[in-house]
Amino acid sequence: MSDSTAYFDLIGSTGKSKLPNGNYRAIIIDMTTVTDIKCGSFIADVFKPVYKVTSGDYRDTEVTDNGIFRYKQVDGYDYKPNKNWGIAKFMQLMNMTKEKDGRIDLPYLKKPDLNNKKVKIMVWSKSFTNEKNDEVYYPVARVVELINEVPF
């Protein structure tokens, strides 16, 4: 076992550690992907874009997406295409969908497809109870609009 240094950054010295609920203009700056998450009898990959607020009192504050699930067909797991409503809606908002034979194609999301896209996000708080029985709140977000600015 390694005895390497570990630490926790105390965000908040700027007073901007908690992003209040509401809508914000933002830019997508990163994305994490967690593969093969078991959801009951289903299996999915989960995409979590990271947004950076671009205006107002909370400019430069970062918030992570609540999670965009992409359920997939894998032997040994159930599959229902209608469970992919969340990723279908996200991809429609981002103008990334292709319809074919009455279906919406849901390609695998990649960072380069999303980086630097300007969006409007909705932020709300989620919570959990930690090991000390304290309720911990943290902000999460979801894209509600792609901002297409006309270059004039």
Side-chain angles (χ1 to χ4, degrees), residues 1-12 17-54 58 60-148:
M1 186 165 146
S2 173
D3 191 26
S4 63
T5 303
Y7 62 92
F8 176 75
D9 277 332
L10 290 172
I11 303 170
S17 62
K18 183 158 174 25
L19 186 59
N21 295 354
N23 292 330
Y24 299 89
R25 289 180 81 114
I27 188 169
I28 300 174
I29 60 166
D30 199 6
M31 182 178 72
T32 59
T33 304
V34 182
T35 57
D36 298 332
I37 298 296
K38 293 171 183 72
C39 308
S41 61
F42 299 90
I43 193 163
D45 295 334
V46 182
F47 306 96
K48 292 190 172 195
V50 178
Y51 310 105
K52 181 188 242 182
V53 175
T54 57
Y58 294 92
D60 295 331
T61 302
E62 295 178 14
V63 61
T64 302
D65 196 280
N66 189 45
I68 303 161
F69 285 70
R70 182 180 183 268
Y71 292 91
K72 53 192 183 176
Q73 287 181 290
V74 175
D75 288 343
Y77 294 92
D78 290 335
Y79 179 72
K80 291 183 184 174
N82 65 344
K83 288 184 76 65
N84 280 322
W85 66 269
I87 192 166
K89 182 177 178 181
F90 176 82
M91 293 185 88
Q92 285 173 324
L93 283 169
M94 301 301 289
N95 293 327
M96 297 174 70
T97 56
K98 293 177 188 160
E99 290 190 34
K100 181 178 162 183
D101 300 326
R103 301 176 354 176
I104 295 174
D105 240 0
L106 300 174
Y108 203 79
L109 286 177
K110 297 179 186 131
K111 275 189 221 185
D113 298 332
L114 299 176
N115 274 352
N116 299 315
K117 295 249 185 193
K118 295 176 182 174
V119 293
K120 183 186 285 185
I121 57 173
M122 177 179 66
V123 174
W124 73 97
S125 293
K126 287 187 82 172
S127 67
F128 67 93
T129 304
N130 68 14
E131 67 279 353
K132 295 180 182 177
N133 256 357
D134 295 328
E135 195 78 7
V136 177
Y137 293 88
Y138 60 98
V140 292
R142 172 182 306 134
V143 169
V144 293
E145 182 182 337
L146 176 64
I147 299 172
N148 288 319

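Computed over heavy atoms, backbone and side chain alike; hydrogens, waters and symmetry mates excluded. Numbering of residues begins at 1 and proceeds along the displayed sequence.
Every side chain to side chain donor-acceptor pair (under 3.5 Å) that Y51 has, sequence neighbours left out, goes to D65. Under the side-chain contact (heavy atoms from CB on, under 4.5 Å) criterion, L146 pairs with M94, N95, K117, V119, N148, not counting sequence neighbours. In terms of the side-chain contact (heavy atoms from CB on, under 4.5 Å) criterion, residue partners of P20 (sequence neighbours excluded) are, by chain and number, Y24, Y58. With sequence neighbours excluded, the residues forming a ring-ring contact (aromatic ring centres under 6.0 Å, His included) with F47 are Y108, listed by chain and number. Scanning for side-chain contact (heavy atoms from CB on, under 4.5 Å) contacts around K52 gives I27, I29, D60, E62, with sequence neighbours left out.
With D45 contributing its side chain and R70 its backbone, the two residues share no donor-acceptor pair below 3.5 Å.
Smallest separation of non-hydrogen atoms from G67 and K48: CA-CG, 3.9 Å. Nearest approach of I104 to Q92, heavy atoms of both residues: CD1-NE2, 3.2 Å. Scanning both residues, P49 and I28, for their nearest heavy atoms gives CB-CG2, 4.3 Å. Minimum interatomic distance between T54 and A26 (heavy atoms only, all atoms of both residues): OG1-N, 3.7 Å.
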Working note: I87 + L109, criterion side chain to side chain contact (heavy atoms under 4.5 Å, CB included); need CA distance, chi angles, decisive distance, verdict.
CA-CA 10 Å; I87 192 166; L109 286 177; 4.3 Å; yes

Candidate pair K80 and F42, rule side chain to side chain contact (heavy atoms under 4.5 Å, CB included), full reasoning
CA-CA 9 Å; K80 291 183 184 174; F42 299 90; 4.0 Å; yes

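Remark: L106 CG to Y71 OH distance equals 13.0 Å, nearest 0.5 Å. Separation of atoms CD1 (I147) and CD1 (I121) is listed at 9.5 Å; rounding is to 0.5 Å. One finds the CG atom of D105 at 8.5 Å from the CE atom of M91 (value rounded to the nearest 0.5 Å). The line from CE of M96 to CG of D113 is 4.5 Å long, rounded to the nearest 0.5 Å.
Within the structure, every pair that satisfies the side-chain hydrogen bond (donor to acceptor under 3.5 Å, both in side chains) test and touches residues 27-41, not counting sequence neighbours, is listed here: D30-K111, D36-K72, S41-D78. Identified under the side-chain hydrogen bond (donor to acceptor under 3.5 Å, both in side chains) test for residues 119-134, with sequence neighbours left out: K18-S125, N21-S125, N66-K126, S127-E135, T129-E135. Residue pairs that meet the salt bridge (Lys or Arg N to Asp or Glu O under 4.0 Å) test with at least one member in residues 85-103, sequence neighbours left out, do not exist here.
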